Amino acid sequence: MTGTSGMLGSAVVQCTPASLQVIPFTRADADLTEWSAVERAVAELSPQTIIHCAAYADVDGCTTDPQRAWANNADATRLIAEACRENDVRLVYVSTDYVFSGTKCDPYTPEDEPDPINVYGESKLVGEQAVAECLEDYLIVRTQWLYGPGGRHFVEAVIRRARSGQLLRVVCDEMGSPTYVCDLAEALWLAAVSELTGVVHVTNSGFCSRLELAREALDLAGMSSMQIEPIRSDQWPSPTRRPLHAILNNSRWIQAGYPSLRPWQQALADFIGSYLLA
Ligand SMILES: NC(=O)c1ccc[n+]([C@@H]2O[C@H](COP(=O)([O-])OP(=O)(O)OC[C@H]3O[C@@H](n4cnc5c(N)ncnc54)[C@H](OP(=O)(O)O)[C@@H]3O)[C@@H](O)[C@H]2O)c1
């Protein structure tokens, strides 16, 4: 498994099924942009499957440092895919709604043509293409709006800001499905041992705006009285254009017989109760 010191990767390690063994892999074990390190690790460890969670996932960072984005998201993923091909290893690659522009009214299906609008989305898409070119036994799992223990993410930022009494200005025109890494981690283990190939979309059920997510998080954290100033995405200071409506249709995953992830409100309540209020 790659990226195991990251937010999603550490959740995947935490919920390893008893019947399976995980080999956690961080940057300290190998820099995934170096072919010799990747090739040696995959050949020596000889895993059945690699769950590839490592990425440069800082969206604004990718915009300001595109070289780092291409190296870590596109080039490193190609190296891993090539090493998987050489060693006959299945690859589960975690990707993102950012491969889409977010201009479609309906939720995106895996068959929809990607059309990224920023460097992060472009570099993740090229990573996807490398996986599909190199391998037959692969699954690309696109997901969205992750949050969970230990990570820096939107939910944590809203609660932290509210606790420090700072004004909250939150975007009201960006829609998505907030997804709890612990729920996604369980799905990734199912994906790892499945025979499903190609692309699937996996998020918690339902969707909302950033503003609705912030409101729900504050209510659950006992800060209902906290005011939020709604703003449009073009009023938020950011170097990056973001997809406004890149909701992901999960039906391929569900039709393949896998459980749909619980509604986002239930998962958020679980996270806030277990970690932010604990
Ligand atoms: N966060 C979201 O909302 C979101 C949404 C959709 C999809 N995703 C995808 O989900 C996956 C996990 O995201 P996350 O939020 O958990 O990210 P994260 O917390 O930033 O973790 C990413 C991990 O990848 C490691 N990494 C990056 N480049 C590496 C390299 N060259 N060699 C070795 N390790 C490297 C990082 O190590 P260092 O800390 O040492 O750099 C970090 O531990 C990514 O593929 C991301 O694209 C995320």
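All figures in this text were calculated on a predicted structure; none of them were measured in a lab. First listed ligand is number 1; within each ligand, the first listed atom is number 1.
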For P259, give me all partners under side-chain contact (heavy atoms from CB on, under 4.5 Å), at least two apart in sequence or on another chain. L190
With a cut-off of under 6.0 Å to the ring centre and 45° to the axis, is R210 in cation-pi contact with W145? yes
Put together the list of close N/O pairs, under 3.5 Å, between ligand 1 and the protein, could you?
| unit_1 | atom_1 | unit_2 | atom_2 | d |
| --- | --- | --- | --- | --- |
| ligand 1 | 3 (O) | L146 | N | 3.0 |
| ligand 1 | 16 (O) | M7 | N | 3.3 |
| ligand 1 | 16 (O) | L8 | N | 2.8 |
| ligand 1 | 19 (O) | M7 | N | 2.9 |
| ligand 1 | 24 (O) | A55 | N | 3.3 |
| ligand 1 | 28 (N) | R27 | NH2 | 3.2 |
| ligand 1 | 28 (N) | N72 | OD1 | 3.1 |
| ligand 1 | 31 (N) | D31 | OD1 | 3.0 |
| ligand 1 | 31 (N) | N72 | OD1 | 2.7 |
| ligand 1 | 32 (N) | L32 | N | 3.0 |
| ligand 1 | 40 (O) | R27 | NE | 2.9 |
| ligand 1 | 41 (O) | R27 | NE | 3.4 |
| ligand 1 | 41 (O) | R27 | NH2 | 2.9 |
| ligand 1 | 43 (O) | S5 | OG | 3.0 |
| ligand 1 | 43 (O) | G6 | N | 3.2 |
| ligand 1 | 45 (O) | C53 | O | 3.3 |
| ligand 1 | 45 (O) | V94 | O | 3.3 |
| ligand 1 | 45 (O) | K124 | NZ | 2.7 |
| ligand 1 | 47 (O) | Y120 | OH | 2.6 |
| ligand 1 | 47 (O) | K124 | NZ | 3.0 |

Between S233 and D173, do the side chains contain an N or O donor and an N or O acceptor separated by less than 3.5 Å? yes
Less than 4.0 angstrom from a charged side-chain N to a carboxylate O is my criterion; do E133 and R78 meet it? yes
Would you say that L261 contacts Y180 through its side chain, given a criterion of any heavy-atom pair below 4.5 Å between the two side chains? no
Taking OH in Y56 as the centre, count heavy atoms belonging to other residues, nucleotides or ligands within less than 6.0 Å. Is the count above 12? yes
